[in-house]
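First the structure, in the form of structure tokens, and then the observations on it.
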Amino acid sequence: MNKKKTFFLKGAKIIDPVQDLEFFGNLLVRNGKIEQIGPDVIESEDIKVVDVSGLLVVPGLIDMHVHLREPGEEYKETIETGSMAAAAGGFTAIACMPNTNPPNDNSGITRFIKERARTSGKCKVLPVASITRGQKGQGLTEFGDLIDAGAVAFSDDGLPVSNPAVMRLALEYSLNFNTLIISHSEELALSADGAMNEGAVSTRLGLKGIPAAAEEIAVFRDIRLAELTGARIHIAHVSTAGSVEIIRQAKARGVRVTAETAPHYFSLTEKEVEGYNTLAKMNPPLRTERDRRAIIQGLQDGTLDAIATDHAPHSSLEKECEFQLAANGIIGLETSVAVGLETLVRQEGFTMAQLIRLMSSNPARILGISGGSLAPGMDADITVIDTEASFTPARDNLFSKSCNSPYLGRKFKGRPVLTILGGVPVFDKKGFF
Amino acid sequence: MGNLKAKHILGISHLDRDEIAFILDTAESMKDILERPIKKVPPLRGKTIVSLFFEPSTRTKLSFDLAAKRLSADTVGISASTSSVVKGETLIDTARNIEAMKPDIIVMRHSMSGAPHLISRYVGSAVINAGDGTNEHPSQALLDLLTVREHFGTLEGLNVTIIGDIAHSRVAHSDILAFTAMGSRVTVCGPATMMPPEAEQLGARVCLDIREAVRDAHVVMALRIQKERQGRLSPFPSEREYSKRFGLSKAIVPHLRKDAIIMHPGPINRGVEMSPEIADGINSVILQQVTNGVAVRMALFTLLLADVQRVN
Ligand SMILES: [Zn+2]
């Protein structure tokens, strides 16, 4: 018996959205697997007991949209530091986007990412390979070879496929592998040179705007192509009310579409950009209060399936500069739970089970990976959350190599305090082990 | 005499009505100096004003330089292209280096909105925005206010119509904010392709019909039309059509109030946004705008440095 990977979590509130369980009880992990879970699982003498009373025990969180910057921009983040940031944010699996340098468009890069993740050992890293070679929007990558190497989905995130015929090909070809295409939905001709949401605030700040239509046209295009081909499509980082409505209608007529949004789209608006705050610059941009409300409604009624952070590390080189020149993106792995608790649970009345479904069970289902549940027999990927812990994100308490977050200095209540990966504590804020 | 609350002049959006009025009053007193045979007074002797023009400009830079010299300040300036960024030095580094040479005021023009706001966070000297991207050009709006106030004796209740590329004009942006702050009503007009999204929230009424737009206007201002920029989609089909539909020419005169004044921030594309008869006509106050530009900039220097002295 592997003693290290065997322990007893005692006295927690346990939530498993997949088994529809929510109770006070215990959880027994043996050899890195969940063995028993229930209100009256009994501890045995030879097993280490970890007292987590007063805390929440949930399935390890899964972030299906992050940027780890390795290979190519290791000064912003590495697979190692990104994995540690993920663990500190309660994530046991993250899907990393292919827009590295070189991009993840061949099995060599995919294997490299898997290998780096394995040696760091803090988090499962699931590579998303690019749809087209070099993310150039033309020839398809070798889906079969990439899947064999460990790719879990395909996306040209960051440099969206602009030619609809190429997107159609990708969707058709995905049927051979029953794999997932993730759409970064953006009509580039409309968003070109835009630096923030188009509207009242962009007019006030004299910045070129990105209209909501630039996203919505592309969302509709890719949904329509999924409908045409019968393939699965996942819409990344939904930011507008119009996109939510287009997805809602598509789901109603049976299109195989799923969608994610990011914590910043349900907690912040374009107002954050005032003062030319580059920490509020991302793509798609922060939108209006009306959009924010629609995103929350979409999460509430199941139109939006998942919360993904779009964790996008940038150094001060890319952020301390003219707004127009600043890079798009913010980090998100370490603040996602805090923001979800504050906005969705406390302000909007979501249940914890709903939040965990959005942050763990649904991403697992969409990616077709195991996880998102605490059912006996599964890997012991477990996150323990202290909903009362005070947490103020700051440069010196984040594990990510970058600190480009609009939430710096904001006081939150609640954060993950223990993250267990395959029975191994990879983040242990309070010294439980 | 009051004081300016603002430490920098970044935009009209950072000034309130009292501050604007105070600047205009000060500028009026500066005009007296400009009328004297010897147009130089000593208040800013020993002060250094650095102008950083990252975008080509002749008139605005000259106006700021003259204003400084009239007040006996030392002036130095660089006219770099924005490509200094390409050369590897960031704007923040440039600003810090200049700051290390201890200027009192930095006057800055830059092609990107918010650039003066950015450097104002890194330097101790006062920053005057001499035009940033498509955001603001506050000293231009102030000189426009001064010109109109001189002419009509007030700004309250006047109708001001601005015609042209409102969406990409920092002059229009600052003017809308400035005139509405002082109690004027602003109408903007031009091709719909040149109207900013949600222009109304700036305080302006959008009117796409030029005759209607100018009908009750006390002030009609035409903006410079940028010659078609290469590689960009032109927002109107041709200069010919623009001048016919939106240019100020004799044909528009019957629709104007008799006492309406004509303004232009310059330089004029004669025959495009304005015909020569209008530009040189008796209702034109375009050259008064230029004179008032020096007075307004003298006022800004004086008030900002008075403020610095007070704080220290
Ligand atoms: Zn994306």
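A, B, ... follow the sequence lines: proteins, then strands. Residue 1 opens every chain. Only a predicted model underlies this, so the values are computations on that prediction, with no experimental measurement involved.
Summarising the geometry, atom CG belonging to L325(A) is positioned 9.0 Å from atom CG belonging to L91(B); distances are rounded to the nearest 0.5 Å. Between atom CD of residue E322(A) and atom CG of residue L118(B) there is a gap of 6.0 Å, rounded to the nearest 0.5 Å.
Proximity of M112(B) to Y276(A): side-chain heavy atoms (C-beta onward) are nowhere separated by under 4.5 Å. Side-chain contact check for E198(A) versus E198(B): every heavy-atom pair is 4.5 Å or farther apart. Looking at heavy atoms from C-beta onward, N135(B) lies out of side-chain contact with F323(A) at the 4.5 angstrom threshold.
The residue among E136(B), Q201(B), E200(B), R121(B) with the most heavy atom pairs within less than 4.5 Å of chain A is Q201(B).
Taking all atoms of both residues into account, the shortest heavy-atom contact from R204(A) to H173(B) is O-CE1, 2.7 Å. Minimum heavy-atom separation, I92(B) to C321(A): CD1-N, 4.3 Å.
Formation of a donor-acceptor pair under 3.5 Å by the S113(B) side chain with backbone atoms of G206(A) is found in this model. A donor-acceptor contact shorter than 3.5 Å links the side chain of T203(A) to the backbone of P197(B).
For R290(A), the CZ atom counts as loosely surrounded, since its 6.0 Å shell holds 12 or fewer non-hydrogen atoms of other residues, nucleotides or ligands.
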